[in-house]
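See structure below.
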Amino acid sequence: MRIDIATLFTDMCDSVIHESIIGRGIKNGHIEIYSHDIREYTENKHRRVDDKPYGGGTGMVMQAQPVYDCISAIRAQHEGKPRIIYMSPQGETLTQEKVQELAQEPWLILLCGHYEGIDQRVLDELECEEISIGNYVLTGGELPALVVADAVARLQPGVLPNEDAYSIESHYNGLLEYPQFTRPEEWRGRKVPETLLTGDHKTVAEWQNREALRVTRRKRPDMHRAYINAAVRDFWGRFLEAKGLPEDAQYSGIRTLARTEEEVNMELKLILRGKKRSIAYRCEDDELPEIGGYYIITDWDGIPKCVLKIIRAYVVEYDGENIGQVRKISADDDFIDWFREYRDSLNGDDPVICEEFRLEYKGK
């Protein structure tokens, strides 16, 4: 891949792109990055690239001619059609998804503006795409261009040691990265999580996935919601395909079947093993669940694990003596155990809903 940066400050760009990992990637031939001085293409003896804006206003505007000639000269150096990107606070906000898209391009030209911007006519002539690195304004486009170049370059084959070096990082898969630790095992009374010391790769991977979800939920709830929504859509789609149901079929709800992580894990384990066939809970309204409806059941972190189909639902009025009646109604011992456990906390007028279900689908 080739990246060209059109700028007024080539030394600033060169000092960054030739350092560290990206610099080694260039040296080893995995990527090409060049900087080009727009000022070299001026047609006046003072090498001015800017002038006052029409219509008035503060500041200066970069002229069309030197920008156009610089980009034209860059184009002449290489075959093919480049994707030209103007670094602008008005552009599309850069995301990891966008970085991955740009990393597939064979050739990028990054145009750096300065002062109050660039004459709109040359941006239109060059059919520039605009990208911003955030909702703020900088003195020039060099820092944003370097951010794009770095983010794109590190995804090129050979620049990093292997795909895992970037595929587990924050934002790559829609989540933030899990916490990292190194030696010593204890520092100022703070210990490395025991799981990471076990050497059990499966257990460690499960811990990392779980912590990535929780870090994202805590720090970026917007990303967490998007990730969970996507996981549910994908899971439901696989269920419909597996069962041969219409694509527009809807589920009745999404549930997490307990109030603590430990209870959720226990409930899921029993359901997935076919040992639990009903649930019970205090009735908070008069509405029973939809008979025949499908419910997606998630783990503690909101990841969908199975689909249940409600086959029966009824209300049990507990009067303090009718545990025998409850046993006759439900053959599920788990429900009986639940009823025994919670009956002391139920008031005489607290109805209890019992749902009986069938396990329809287990995720992989």
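Remember, predicted model here, so these are calculated numbers, not experimental data. Positions are given from 1, in the same order as the sequence printed here.
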Minimum heavy-atom separation for A153 and V159, please, with both atom names. O-CG2, 3.3 Å

Could you pull out every donor-acceptor pair under 3.5 Å between side chains of residues 102-118 and any protein atom, sequence neighbours left out?
unit_1, atom_1, unit_2, atom_2, d
E105, OE2, R83, NH1, 3.0
W107, NE1, D4, OD2, 2.8
H114, ND1, T139, O, 3.3
H114, NE2, E142, OE1, 3.4

Can you tell me how far the CZ atom of R312 sits from the CD atom of E356, to the nearest 0.5 Å? 5.0 Å

For a quick test of your reading: what N or O donor-acceptor pairs under 3.5 Å do the side chains of residues 68-81 make, sequence neighbours left out?
unit_1, atom_1, unit_2, atom_2, d
D69, OD2, Q65, NE2, 2.7
S72, OG, Y68, O, 2.9
Q77, OE1, R2, NH2, 2.9

I'd like to check the salt bridge (Lys or Arg N to Asp or Glu O under 4.0 Å) partners of E206; sequence neighbours left out, ordered by chain and number. none

Heavy atoms of V49 and R39 approach each other most closely as CG1-CA, 3.8 Å

Sorted by chain and residue number, the salt bridge (Lys or Arg N to Asp or Glu O under 4.0 Å) partners of E211 (sequence neighbours excluded) come out as none

Considering the options Y294, F235, W236, which one meets the ring-ring contact (aromatic ring centres under 6.0 Å, His included) requirement together with Y251? W236

Residues Y361, F239; criterion ring-ring contact (aromatic ring centres under 6.0 Å, His included); working and verdict: CA-CA 7 Å; Y361 179 75; F239 165 70; 5.7 Å; yes

More than 12 heavy atoms from other groups under 6.0 Å of NZ on K243: yes

Cut-off 3.5 Å, no hydrogens considered: what does the side-chain donor-acceptor table look like for residues 184-191, sequence neighbours left out?
none

Which residues pass the side-chain hydrogen bond (donor to acceptor under 3.5 Å, both in side chains) test with T298, not counting sequence neighbours? T256

Hey, is the main chain of D248 close enough, under 3.5 Å, to the side chain of Q250 for a donor-acceptor pair? yes

I'd like to know whether CZ of R121 has more than 12 heavy-atom contacts from other residues, nucleotides or ligands below 6.0 angstrom. no

Can you tell me if OH on Y54 sees more than 12 non-hydrogen neighbours from other groups inside 6.0 Å? no

What is the minimum heavy-atom distance between I17 and I33, and which atoms define it? CD1-CG2, 3.6 Å

